[in-house]
K.L.:
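Okay, handing you the structure first.
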Amino acid sequence: MQTLLLNRDQVTHLVDMRQVIGAVEDAYKAYSSNQVEQPDYLSIHLPEGRGEIDFKLGYHKQTELISMKAHSGGFKHNPQAYDVPNSMGTILLFDARSGALACIIDGSLITGLRTGASGAVSVKALARKNARAITAIGTGNQARMQIRAISQVMQIEEIHAWSRTPETLSAFQKDIEREFDISVRIAASKKDAVEKADILITTTRGKGDLVQADWVKPGTHIVAIGTDQRGKQELDPELFRNAKIVVDSISQCTQKGETYHPLANRIISMESIHAEIGQVLLGTKPGRISDDEITIFDSTGMAIQDNTTAGSIYQNALAENVGTFFSFIE
């Protein structure tokens, strides 16, 4: 049994955003058709504020791949003290038929890619067909990834942006205009940015003032990315009262996603959740039925997304003879 090792540079050349979007669609469909085992993820918070490491496990019954991702973050002294990034990711792929380790993959790009792809999948399934204007609330790396992914599934004509940090906002404007040749309009306020959105992307890590319900115009599709654990929040819970609510995972989003807050405030009930996005993709639940609907996609991120994305990279590596094989088991 040979194990394949793929480093970051090799992953960069093996990955394609359109393929990642397809892999994430497959993940959602598999999850909503009972083809996935995915236990709750584990986190270790290290002492003295050093950072944390999260561990996510997923088993895809159709492909017979088990994935384990270890993702660290918050190690702010790493570059100076240890000459490594402050955030790192590693994915292990196991052959579920034997339990043998098939591949070790640098996962530092994969989380961002599959999270960006999730927004694009939701836009395909839930946004108005004539949507052209995107607003980014939060202008970090994930906001860029969302634009890259969504540009693969729709024609973007306008981008509006708001951030609490002027330097981050300016860098976002320059990067996006250079990459896409689309003018980025810096909003005077968060309210002004939200009011112009056909598609609203929130990637603020769940901190700061909330997007208020009365700012959002009819027909808007919201991609809520920044809330993935208790204590984070980006949206006014009142937004959920009259919106079509679609989640990546009902169990996750009701416990630590954006959907937790309107449930806790008794603004909605469990029956108010329209569907998991996998159900919409499978056709067992309808997507948007009116141009006036406000749709919300609550994304907490799932291990099965890492599984299918890493699996597609692994298959590309085998097909293109990329990576280093070694004998992990003699």
Side-chain angles (χ1 to χ4, degrees), residues 18-40 56-65 67 96 114-131 149-150 152-154 199-200 218-225 227-228 235 239-260 262-263 267-309 311-312:
R18 285 190 177 275
Q19 191 171 21
V20 176
I21 291 170
V24 169
E25 287 182 331
D26 290 344
Y28 289 146
K29 290 176 183 177
Y31 182 77
S32 294
S33 55
N34 299 313
Q35 294 299 311
V36 172
E37 289 189 26
Q38 183 175 271
D40 290 342
K56 294 186 176 181
L57 291 165
Y59 168 41
H60 195 312
K61 297 176 184 177
Q62 293 170 321
T63 63
E64 292 289 6
L65 279 178
S67 60
R114 59 84 157 158
T115 305
S118 71
V121 172
S122 80
V123 166
K124 284 177 64 178
L126 297 166
R128 298 192 332 264
K129 300 307 178 188
N130 62 351
I150 292 171
Q152 299 293 315
V153 301
M154 65 166 277
I199 296 168
L200 173 64
T220 302
H221 174 58
I222 301 172
V223 183
I225 295 295
T227 299
D228 59 358
L235 305 179
L239 254 173
F240 287 75
R241 189 183 297 276
N242 298 308
K244 175 169 280 182
I245 306 161
V246 178
V247 300
D248 56 7
S249 160
I250 288 175
S251 61
Q252 286 190 183
C253 291
T254 56
Q255 293 301 312
K256 55 193 174 189
E258 200 67 46
T259 307
Y260 165 79
L263 283 169
I267 292 170
I268 63 170
S269 65
M270 290 292 292
E271 289 70 31
S272 305
I273 300 170
H274 172 67
E276 290 177 336
I277 193 163
Q279 295 173 297
V280 176
L281 296 172
L282 290 165
T284 58
K285 291 287 185 72
R288 174 181 291 273
I289 59 173
S290 163
D291 280 353
D292 291 330
E293 282 185 303
I294 292 174
T295 52
I296 299 174
F297 176 54
D298 185 7
S299 173
T300 50
M302 297 194 293
I304 191 60
Q305 294 169 254
D306 301 315
N307 183 300
T308 56
T309 303
S312 68

K.L.:
For residues 280-290, which residue pairs qualify under side-chain hydrogen bond (donor to acceptor under 3.5 Å, both in side chains), counting only residues two or more places apart or in two chains?
P.N.:
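For residues 280-290: Arg288-Thr295.
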K.L.:
Checking side-chain hydrogen bond (donor to acceptor under 3.5 Å, both in side chains) for the pair Asp306/Ser67: CA distance, chi angles, key distance, verdict?
P.N.:
CA-CA 7 Å; Asp306 301 315; Ser67 60; over 6 Å; no
K.L.:
Quick one: closest heavy-atom pair of Pro218 and Ile294, and the distance?
P.N.:
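What the structure gives for the nearest pair is CA-CG1, 4.1 Å.
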K.L.:
Please report the closest heavy-atom contact between Gly287 and Val280, naming both atoms and the distance.
P.N.:
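Smallest heavy-atom distance, with atoms named: CA-CG1, 3.9 Å.
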K.L.:
How about Tyr260: does its OH atom have over 12 heavy atoms from other parts shown lying under 6.0 Å from it?
P.N.:
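Open.
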K.L.:
Between Glu276 and Ser32, is any side-chain donor less than 3.5 angstrom from a side-chain acceptor?
P.N.:
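Checked: Glu276/Ser32 side chains pair up, N/O donor to acceptor below 3.5 Å.
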K.L.:
Which atoms form the tightest heavy-atom contact between Met302 and Ser249, and what is the distance?
P.N.:
SD-CB, 3.5 Å
K.L.:
Spell out, as yes or no, whether a donor-acceptor pair under 3.5 Å connects the side chain of Asp298 to the backbone of Gly257.
P.N.:
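Here the side-chain-to-backbone pair does not exist.
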K.L.:
Among residues two or more places apart or on two chains, list those pairs meeting salt bridge (Lys or Arg N to Asp or Glu O under 4.0 Å) that have a residue in residues 21-36.
P.N.:
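Qualifying pairs, neighbours excluded: Glu25-Lys124.
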K.L.:
Compare every heavy atom of Gly58 with every heavy atom of Asn307, then report the nearest pair and how far apart it is.
P.N.:
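Nearest heavy atoms, Asn307 then Gly58: ND2-O, 3.2 Å.
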K.L.:
Give the C-alpha distance, both sets of side-chain angles, the deciding distance and a yes or no for side-chain contact (heavy atoms from CB on, under 4.5 Å) between Asp248 and Ser118.
P.N.:
CA-CA 9 Å; Asp248 56 7; Ser118 71; over 6 Å; no
K.L.:
Under 3.5 Å, is there a donor-acceptor pair between the side chain of Arg114 and the main chain of Thr309?
P.N.:
no
K.L.:
How far apart are the C-alpha atoms of Val123 and Met154, what are their side-chain angles, what is the distance that settles it, and do they pass the side-chain contact (heavy atoms from CB on, under 4.5 Å) test?
P.N.:
CA-CA 8 Å; Val123 166; Met154 65 166 277; 4.0 Å; yes
K.L.:
Testing Glu37, Gln38, Glu64 for side chain to side chain donor-acceptor pair (under 3.5 Å) with Tyr59, which one passes?
P.N.:
Glu64
K.L.:
Which heavy atom of Asp228 sits nearest to which heavy atom of Thr300, and what is that distance?
P.N.:
CB-O, 3.8 Å
K.L.:
I need the minimum non-hydrogen distance between Val24 and Thr308, along with the two atoms involved.
P.N.:
N-OG1, 4.2 Å
K.L.:
Checking Ser33 against Gln35: is there a side-chain donor and acceptor pair closer than 3.5 Å?
P.N.:
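Side chains of Gln35 and Ser33: no pair found under 3.5 Å.
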K.L.:
Determine, stepwise, if the pair Tyr28 / Gln305 fulfils side-chain contact (heavy atoms from CB on, under 4.5 Å).
P.N.:
CA-CA 8 Å; Tyr28 289 146; Gln305 294 169 254; 3.6 Å; yes
K.L.:
His221 and Ser122: side-chain donor and acceptor closer than 3.5 Å?
P.N.:
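A pair is found: one side chain offers a donor N or O, the other an acceptor, under 3.5 Å apart.
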